[in-house]
Amino acid sequence: MTLRLFNTLSGQLDDLVPADGKALRMYACGPTVYDYGHIGNFRTFLQVDVLRRFLKLTGIAVRHVMNITDVDDKIIRNATAAGLPIGEYTARFEKAFFEDLESLQVERPEIIARATEHIPRMVELVQKLAAAGAAYQTEDGSWYFRLAAFPEYGKLSKKDLGGMEDGARVDLDEYEKDSARDFALWKAAKPGETSWDTAIGRGRPGWHIECSAMAMEFLGESFDLHAGGEDLMFPHHENEIAQSESVTHKPFARHWMHVRFLLVDGRKMSKSEGNFYTLRDLLLKGYKASAIRLALISVPYRHQLNFTFDSLADATNAIDRLRTFHQRLTTGSFADGANPALQAAAEKAQADYLAAFSNDLNTAEARAPIFDLIRTANTAMDQGQLLAADRDAILAVLASFDAVFCVIEDRDAEPTRRALEWAEQAGRMAEVAPELLTRQGLTDEAIDALVAERTLAKKQRNFARADQIRNELAEKGIVIEDSKDGVRWKRK
Ligand SMILES: [Zn+2]
């Protein structure tokens with residue numbers, strides 16, 4: 001079974017197979033660790049996880065590299081504002097990022113590469129570009145890529161870059177204009193900024209050079225697949241191609257996969273629109289990590305996903321059905337034998353499931369035959385027509401479904417516990433859904449008991465204990481109000 005995956009570079013579906021016949025060498029752009037990841041970021045990481053898991057299900061090993069951008073314009077700006085060295089500033093968000101991936105059951109890539117730990121490779125690449133006439137240094141000591149040295153620029157995004165001005169420069173890590181500019185490879189040190197003393201001067205790498213240098217360090221000059229969010233296609237990925245191919249004169253990545261961004265309630269997600277969600281926001285609202293995973297992967301990666309709270313509720317119901325059905329099969333007792341109709345249904349579900357995935361990772365079509373099988377099998381069970389061999393065949397189908405979807409086994413308690421622990425430390429308890437607190441053991445009765453204890457403590461003039469109880473409850477989002485009619489409490 002070969003995966004046919006859309007290739008942005010060729011503009012068509014191409015077979016995705018390891019060139020060396022052993023392991024698929026792939027690079028996926030990782031996070032810039034300056035804030036908590038939002039659901040748009042995680043949609044991309046989840047779809048790459050779906051790809052990895054499907055490849056492994058079909059017997060293909062993967063060698064997957066992901067970078068961590070731990071130095072860039074935004075990080076330097078935020079760390080300076082927080083009065084922290086950049087390493088200290090980014091460590092907190094890097095840790096949070098990996099916790100979030102774990103909550104979402106995203107497999108860890110084989111290789112994680114931090115930009116700040118690979119500076120010598122980036123310097124080396126700038127030197128090679130300079131030797132090839134594709135890089136030049138400006139008066140302030142910064143280095144730029146000379147776009148005119150790479151006539152194929154634009155071949156990935158297929159943008160019309162006719163308005164390109166020779167020698168026009170940009171030193172920002174991100175730029176959105178449809179016009180191309182010579183871009184910064186290396187930025188000369190500015191006073192007070194983190195910098196490295198190197199053979200090409202004191203400074204720090206630009207964002208684009210990181211990915212070229214680290215991809216080639218771990219995967220070689222030419223590798224199988226490069227993946228990332230659609231917003232990275234231009235200019236980041238074009239720049240990666242230009243930097244790499246100007247030195248190697250070989251195709252950098254043969255196959256490019258881009259995951260479309262999501263909308264929330266039909267609009268672009270943004271903080272100012274009030275529809276911006278991190279994974280942690282959703283966990284604190286009481287949604288299960290598995291439901292968030294399922295909602296974010298159920299729409300195929302090349303389609304726009306409109307994320308809504310209804311879609312999360314649907315995912316929650318779907319997971320309930322899967323888990324209830326799975327439990328019914330594993331705990332029920334079934335007579336020996338096989339029902340030919342169910343054997344055929346299980347076989348068809350498995351074949352349809354694999355066929356949908358191998359057609360450009362169509363997660364929506366891959367889901368459908370599994371739920372059809374659940375309906376058929378439930379009816380058969382009700383009528384006593386499901387036999388032991390059918391149970392085994394259907395459990396095997398569910399196992400292969402869960403090898404990619406990864407939602408049947410209930411691992412939801414830990415992400416929720418971790419999110420609550422984080423909310424307490426970060427002073428975010430007021431955002432926690434009341435049902436979640438009740439679920440976590442803070443029942444109305446428990447609160448009543450604490451409030452009564454506080455009243456007693458006050459009568460006994462033990463004000464320290466009374467304040468302690470008030471603070472503890474406040475941290476969990478419970479407000480106490482003293483009035484002349486007595487003490488009342490409410491959940492924030
Ligand atoms: Zn990248």
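These figures come from a predicted structure and were not determined experimentally. Note: hydrogens, waters and symmetry copies are ignored here, and every other heavy atom, side chains too, is used. Counting starts at 1 for both ligands and their atoms, following the listed order.
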Using salt bridge (Lys or Arg N to Asp or Glu O under 4.0 Å) as the criterion, list what pairs up with R43, not counting sequence neighbours.
none
Please confirm whether Y277 and F309 have ring centers closer than 6.0 angstrom.
yes
The Zn ion (ligand 1) to E240: nearest N/O/S atom name:
OE2
Suppose you place the vertex at the Zn ion (ligand 1); what is the angle out to C211 SG and C29 SG, to 10°?
130°
Output yes when a side-chain donor or acceptor of Y27 lies under 3.5 Å from a complementary backbone atom of L219, and no otherwise.
no
Counting backbone and side-chain atoms alike, does H208 have an N/O/S atom under 2.8 Å from the Zn ion (ligand 1)?
no
What do you reckon, are the aromatic ring centroids of F145 and Y153 less than 6.0 Å apart?
no
